[in-house]
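Protein chains get the first letters and strands the later ones, always in sequence-line order, with residue 1 at the start of each.
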There are 2 protein chains.
Amino acid sequence: MTPDRAPTAGTEPPRMRADARRNREQILRAAREVFAAQGPDAPLDEIARRAGVGVATLYRRFPDRADLIRGVAIDVLTALGEAALTARDAEVEPFEALRTFMHAALDLKLGSVMPALIGRLEADDVLDGVRQDAADPVQELVTQAQAAGTLRPDVRFGDLPLMLMRVSRPLAGGQLAEDSALAHRQLEIYLDGLRAPGTCDQRATLPGPAVDLGWFKRIRTRLIGHQSPSRPRA
Amino acid sequence: MTPDRAPTAGTEPPRMRADARRNREQILRAAREVFAAQGPDAPLDEIARRAGVGVATLYRRFPDRADLIRGVAIDVLTALGEAALTARDAEVEPFEALRTFMHAALDLKLGSVMPALIGRLEADDVLDGVRQDAADPVQELVTQAQAAGTLRPDVRFGDLPLMLMRVSRPLAGGQLAEDSALAHRQLEIYLDGLRAPGTCDQRATLPGPAVDLGWFKRIRTRLIGHQSPSRPRA
DNA sequence: CCGTAGATGGATGGTTTTTCTCCACTTCCA
DNA sequence: TGGAAGTGGAGAAAAACCATCCATCTACGG
């Protein structure tokens with residue numbers, strides 16, 4: 001998922017110690033979640049805490065916030081590109097490949113981090129390369145599915161990542177247990193909206209929890225007055 | 001939109017001064033935007049600034065943060081209920097009414113505030129009543145559209161507000177000019193996914209900007225390194 | 001098995017944000 | 001026109017956050 005290299009990936013292969021590498025990955029994982037939920041100015045203390053490491057470890061690995069943000073972005077986009085390639089190779093029907101990819105990307109919480117970070121990234125060769133690697137396979141999937149006549153012709157590339165950003169953002173600060181399942185369900189509906197006219201009969205049954213009015217109220221109530229004992233932060 | 005009464009709506013009709021009432025509404029409007037963009041812990045200074053009033057005015061109207069959050073929630077849910085009723089009365093075909101309602105709700109940025117506030121609300125009779133008034137007409141629209149056979153039968157009430165929350169949240173902290181148009185476009189796709197099988201031919205053409213790969217990259221670039229000169233906050 | 005370079009965590013001081021009150025001045029309304 | 005209600009902004013107190021230092025610990029090559 002992440003190159004086993006130093007923070008600022010360059011040409012040197014410094015072979016970090018095993019525990020250091022492990023910690024670095026846990027920091028990136030935690031940072032991804034926290035940035036997604038709280039935005040790019042989230043306290044670094046919290047990221048360290050959630051990663052199970054001390055603050056000093058975080059500062060050693062990522063000297064300042066920009067480094068960390070950059071690291072998360074590269075990590076995330078790398079995984080995104082891999083997910084697209086995997087989906088392309090695993091499915092024969094291009095629309096199904098697209099569908100597989102979208103669900104995979106959602107699982108990785110990819111779309112939720114980037115909008116939080118995008119205003120803080122600086123142009124960068126490594127980053128640009130990773131971006132290219134992430135975007136190209138997706139564009140390819142779109143072209144193929146439209147050529148096959150299963151993806152409606154008036155959608156464009158942007159409709160996919162942009163909806164991914166929307167649908168993968170945690171709903172109520174990540175306190176809702178069913179959040180992921182609900183996101184997949186709603187993504188499925190969106191995907192049905194993306195099918196070409198005349199292919200509506202190929203719709204799958206909707207997965208995940210069907211939230212009726214009563215359930216909706218219960219969800220709401222469960223979240224009310226949740227005083228966030230340990231972390232009253234945003 | 002908002003009752004012309006004092007913050008904690010009770011039985012007294014104290015008849016606020018005209019300018020005070022005007023300011024109160026501007027505060028609510030500003031708070032709605034800021035909470036939506038920055039979450040429930042956004043600085044109150046900024047809300048006051050954006051409302052064009054001094055901080056003292058805000059504190060006079062809403063003694064503490066909880067009061068303000070409550071006020072915003074009531075304001076927002078009231079408008080939501082009204083939008084649902086308006087849509088129901090304006091359209092004959094129930095699916096079209098649903099569609100009108102969803103777009104109206106999106107315009108009001110309704111869905112984006114509630115998820116930010118929902119963890120901070122305390123149970124309350126007034127609030128519960130307003131919530132009921134907001135939810136019931138929507139449920140009614142769902143029932144009617146399913147009875148008419150134009151809304152797919154396996155969707156439930158929750159699929160509407162939950163997607164509304166997702167799609168109406170600003171994408172990149174609200175710095176993207178096309179944000180609203182894009183949201184409407186993607187909502188339209190989602191709505192097409194909600195149509196009953198066999199009614200796909202009734203799809204409208206997609207509105208709003210069709211973002212292809214090139215445009216997407218340009219959007220990305222435009223946001224890069226945006227140092228947020230005046231407000232480097234989350 | 002051991003020595004050491006590298007890695008770790010948490011306390012700590014200093015800085016920046018944010019809150020919320022106070023008061024001199026302004027504005028609506030009767 | 002009188003006066004009560006309303007207003008803005010300065011500023012002190014409090015809280016949150018950053019970023020470093022150092023005593024201790026651990027992976028790993030010999």
Side-chain angles (χ1 to χ4, degrees), chain A residues 4-8 12-31 34-35 37-69 71 120 227-234, chain B residues 4-8 12-31 34-35 37-69 71 120 227-234:
Chain A
D4 292 352
R5 310 232 223 84
T8 34
E12 79 288 23
R15 294 240 17 251
M16 303 168 64
R17 241 169 67 173
D19 53 345
R21 200 159 53 227
R22 202 165 36 240
N23 280 336
R24 179 169 191 274
E25 276 165 24
Q26 276 173 340
I27 289 172
L28 282 177
R29 197 183 332 278
V34 174
F35 282 147
Q38 305 195 32
D41 289 309
L44 298 184
D45 289 14
E46 166 142 355
I47 294 176
R49 197 174 51 72
R50 222 198 278 204
V53 305
V55 212
T57 305
L58 193 155
Y59 276 100
R60 163 177 294 258
R61 237 26 98 191
F62 304 95
D64 59 12
R65 186 179 289 269
D67 269 317
L68 179 56
I69 287 179
R120 300 302 197 81
Q227 294 292 24
S228 321
S230 62
R231 193 177 49 79
R233 193 114 318 286
Chain B
D4 291 352
R5 310 229 223 85
T8 34
E12 79 287 22
R15 294 237 19 250
M16 305 168 62
R17 241 169 65 174
D19 54 343
R21 199 158 55 226
R22 203 165 34 242
N23 280 336
R24 180 170 191 275
E25 275 165 25
Q26 277 174 339
I27 290 173
L28 283 176
R29 197 182 332 280
V34 174
F35 282 147
Q38 305 195 31
D41 290 309
L44 298 184
D45 287 13
E46 165 142 358
I47 294 176
R49 195 174 53 71
R50 220 196 282 202
V53 304
V55 211
T57 305
L58 194 153
Y59 276 99
R60 163 180 296 257
R61 242 19 103 193
F62 304 94
D64 59 11
R65 187 178 288 271
D67 269 317
L68 179 57
I69 287 180
R120 300 301 196 79
Q227 294 292 24
S228 322
S230 63
R231 195 178 47 80
R233 195 115 316 286

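Taking CD from A:E46 and CZ from A:F35, the interatomic distance works out to 11.0 Å, rounded to the nearest 0.5 Å. From B:Y59, atom OH reaches atom CG of B:L68 across 10.0 Å, with rounding to the nearest 0.5 Å. If you take CZ on A:R17 and CG on A:N23, they are separated by 10.0 Å, rounding to the nearest 0.5 Å. Note that CZ of A:R61 is 12.5 Å distant from CD of A:Q26, once rounded to the nearest 0.5 Å.
In this structure, B:R21 places its CZ atom 13 Å from C1' of C:dC29, rounding to the nearest Å. The distance from atom CZ of B:R65 to atom C1' of C:dC20 is 12 Å, rounded to the nearest whole Å. When rounded to the nearest whole Å, the span between CD1 of B:I47 and P of D:dG8 equals 15 Å. In this structure, A:F62 places its CZ atom 15 Å from P of D:dA19, rounding to the nearest Å. Residue A:I27 contributes atom CD1, which lies 12 Å from atom C1' of C:dG9 at whole-angstrom precision. Atom pair B:R60:CZ and D:dA5:C1' shows a separation of 7 Å (rounding to whole Å applied). One interatomic measurement links the two molecules: CG of A:D45 to P of D:dA15, which rounds to 17 Å at whole-angstrom precision. Rounded to an integer number of Å, the gap from CZ of B:R49 to C1' of C:dT18 is 14 Å.
Residue A:D64 is out of contact with every strand shown, counting any heavy-atom pair closer than 4.0 Å. B:D19 comes within 4.0 angstrom of sugar-phosphate atoms only, judged by non-hydrogen atoms across all strands, and of no base. As judged by a 4.0 angstrom heavy-atom cut-off over every strand, A:A56 is placed among the base-contacting residues.
Where B:Y59 and B:R17 each meet DNA chain C at their nearest nucleotide, the meeting point lying more 5' is that of B:Y59. Mapping B:A18 and A:G52 onto DNA chain C via the closest heavy atom, the residue that lands nearer the 5' end is A:G52.
Considering only side-chain N and O atoms, A:R24 lies nowhere under 4.0 angstrom from the phosphate OP1 or OP2 of C:dA7. Remark: A:R61 is in phosphate contact with C:dT8, judged by side-chain N or O atoms under 4.0 Å from OP1 or OP2. Contact between the side-chain N/O atoms of B:T57 and the OP1/OP2 oxygens of D:dG6 is not found at any separation under 4.0 Å. Between D:dT7 and B:N23, a contact under 4.0 Å exists linking OP1 or OP2 to a side-chain N or O.
Under 4.0 Å is where a charged nitrogen must lie from a carboxylate oxygen, and between B:R120 and B:D41 at least one such pair does.
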